[in-house]
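Note sheet for the following structure.
Numbering of ligands and ligand atoms starts at 1, following listing order. What you see is a predicted model; the values in this text were computed from it and never measured.
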Amino acid sequence: MGTSFAAPGLVLLLTTCMLAVSEADTIVVGGSEHWHYGFNYTYWSIQHGPFYINDKLVFKYNPPSKNNPRHSVYLLPNLWSFVTCDFSQAKLLANPKQGGGKGFMFELTNWRPHYFASAEEHGSQCENGHMKFFAVPLPRLGK
Ligand SMILES: *[C@@H]1O[C@H](CO)[C@@H](O)[C@H](O)[C@H]1NC(C)=O
């Protein structure tokens, strides 16, 4: 028993590893939706994950103006602050002006959860606007 089932499993495992060895990707957060209020980024991240170490996330949003609300990108320290949209210990990654042009690029260099959110409108963009998601980049095998 066992051995006859091992071969297909091994092939699958090797195939999975080979896929993971591909080059780092540059991923626009939200795709063509970019980074805005009311888009479900949790859903987006599930659809477009998993992410790998050295992948680059690009946050694109218009600079603030009469017609454009302010957005930002913060890194929250842990799951609880992410769930509650508590920015008291958050680290600013990109201010409202940094999403223009080619956008703000963040490289996923560490194998740990990264909690991203916009803090604007007193946290409402995080709480009500769904402008938050997390990514746990997987290691790229074979590098
Ligand atoms: C966003 O998507 C996630 C994953 O599908 C889902 O669990 C959540 O309820 C959605 N949020 C809203 C407000 O639709």
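Of all protein heavy atoms, the one closest to atom 13 (C) of ligand 1 is H130 CE1, 3.2 Å. The protein heavy-atom contact nearest to atom 4 (C) of ligand 1 is I46 CD1, 3.9 Å.
Proximity of the aromatic rings of F87 and Y74 is defined here by a centroid distance below 6.0 angstrom, and this criterion is met.
Considering backbone and side-chain atoms together, N40 places an N or O closer than 3.5 Å to an N or O of ligand 1.
Atom 7 (O) of ligand 1 lies below 4.0 Å from none of the non-hydrogen atoms of the protein. Distances from atom 11 (N) of ligand 1 to the protein include at least one heavy-atom value under 4.0 Å.
One hydrophobic cluster, built from ILVMFWY side chains closer than 4.5 Å, holds both Y41 and L108.
Q89 CD: 12 or fewer foreign heavy atoms inside a 6.0 Å radius.
Side-chain contact of T84 with D86: a donor-acceptor pair under 3.5 Å is absent, judged by distance alone.
Residue nearest to atom 5 (O) of ligand 1, selected from W44, Y43, F133: Y43 (by heavy-atom distance).
The ring pair (Phe, Tyr, Trp, His ring centres under 6.0 Å) with F116 is formed by just one residue from the set W44, F134, W35, F59; it is F59.
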